Amino acid sequence: MPTVFEEKIYLTLRKVPRDKVTTYGELARAVGTRAYRAVGNAMNKNPYAPAVPCHRVVCSDGRIGGFRSGVDKKISLLKKEGVQVKKGFVLDFEKKLFRF
DNA sequence: CTAATGACATTTG
DNA sequence: ACAAATGCCATTA
């Protein structure tokens, strides 16, 4: 069962547009915490998938990061939504990054 | 309750 | 500038 912390993360992540991405750090800040590490854990569980677009969450440096069912899957989804990815990196990261 | 873990981020060598 | 080490916070064993 999801904790309050996770719920907040999921709710916030839901606001991210289809052609944009966010980072674990930004996401954590958005909910008023610095637990970006814990955010990753929340994504790993993600009980509300695919309602919650956990694949739109990447590393702060533009790298794709990880994905429970394979990074390839994550990249594939992102590309399908208009986010180009190359060698595990998000193209135009600064532009694609969604700010709350 | 204490210890270990992780889909990260930042600071050091 | 790059790789390696250290720090972070909540969750789970």
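First the proteins, then the strands, lettered A, B, ... as listed; each starts at 1. As the structure is a computational prediction, the values presented were derived from the model and not from experiment.
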Residues A:Y48 and A:E7: side-chain donor-acceptor under 3.5 angstrom: yes

Nucleotide B:dA7, atom P - distance to CG of A:L78 in whole Å: 17 Å

Heavy-atom donor-acceptor pair, A:E26 side chain to A:T23 backbone, under 3.5 Å: no

Sugar-phosphate, base or nothing in reach of A:R34, heavy atoms under 4.0 Å: sugar-phosphate

Between C:dC8 (C1') and A:F5 (CZ): distance, integer Å: 11 Å

Closest-nucleotide 5' rank along DNA chain B - winner of A:V39 and A:E26: A:V39

Check ion pair A:E94-A:R99 (N to O, under 4.0 angstrom): yes

Between P of B:dA7 and CG of A:N41, the distance in whole Å: 7 Å

N/O donor-acceptor pair, side chain A:R37 with base C:dC9, under 3.5 angstrom: no

Donor-acceptor pair present, A:Y24 side chain and B:dA7 base, under 3.5 Å: yes

Touch class at under 4.0 angstrom, heavy-atom based, for A:Y36 against every strand present: base

Gap between atoms CD and P, on A:E6 and B:dG6 respectively (whole Å): 16 Å

Proximal nucleotide (of C:dC9, B:dA9, B:dA7) relative to the A:A35 side chain: C:dC9

Sugar-phosphate only, base, or nothing, as touched by A:G25 at under 4.0 Å among non-hydrogen atoms: sugar-phosphate

Nearest-Å distance for atom pair CZ/C1', residues A:R68 and B:dT5: 13 Å

Flag if over 12 foreign heavy atoms under 6.0 Å of NZ, A:K8: no

Below 4.0 Å: OP1/OP2 of B:dC8 and any side-chain N or O of A:T23: no

Sugar-phosphate only, base, or nothing, as touched by A:A38 at under 4.0 Å among non-hydrogen atoms: base

Spacing of A:D61 atom CG relative to C:dC2 atom C1', expressed in whole Å: 13 Å

Protein-nucleotide distance (A:F67, atom CZ; B:dC8, atom P), rounded to Å: 13 Å

Quiz item: A:N44 side-chain donor-acceptor pair to B:dG6 base, under 3.5 Å: no

Check: A:Y10 and A:M43 side chains under 4.5 Å, non-hydrogen atoms: yes

Under-4.0 Å side-chain N/O to phosphate OP1/OP2 contact, A:T33 with C:dC9: no

A:K74 side chain, from C-beta outward: closest of C:dC9, B:dA7, B:dT10: B:dA7

Spacing between A:K73 atom NZ and B:dA7 atom P, to the nearest angstrom: 19 Å

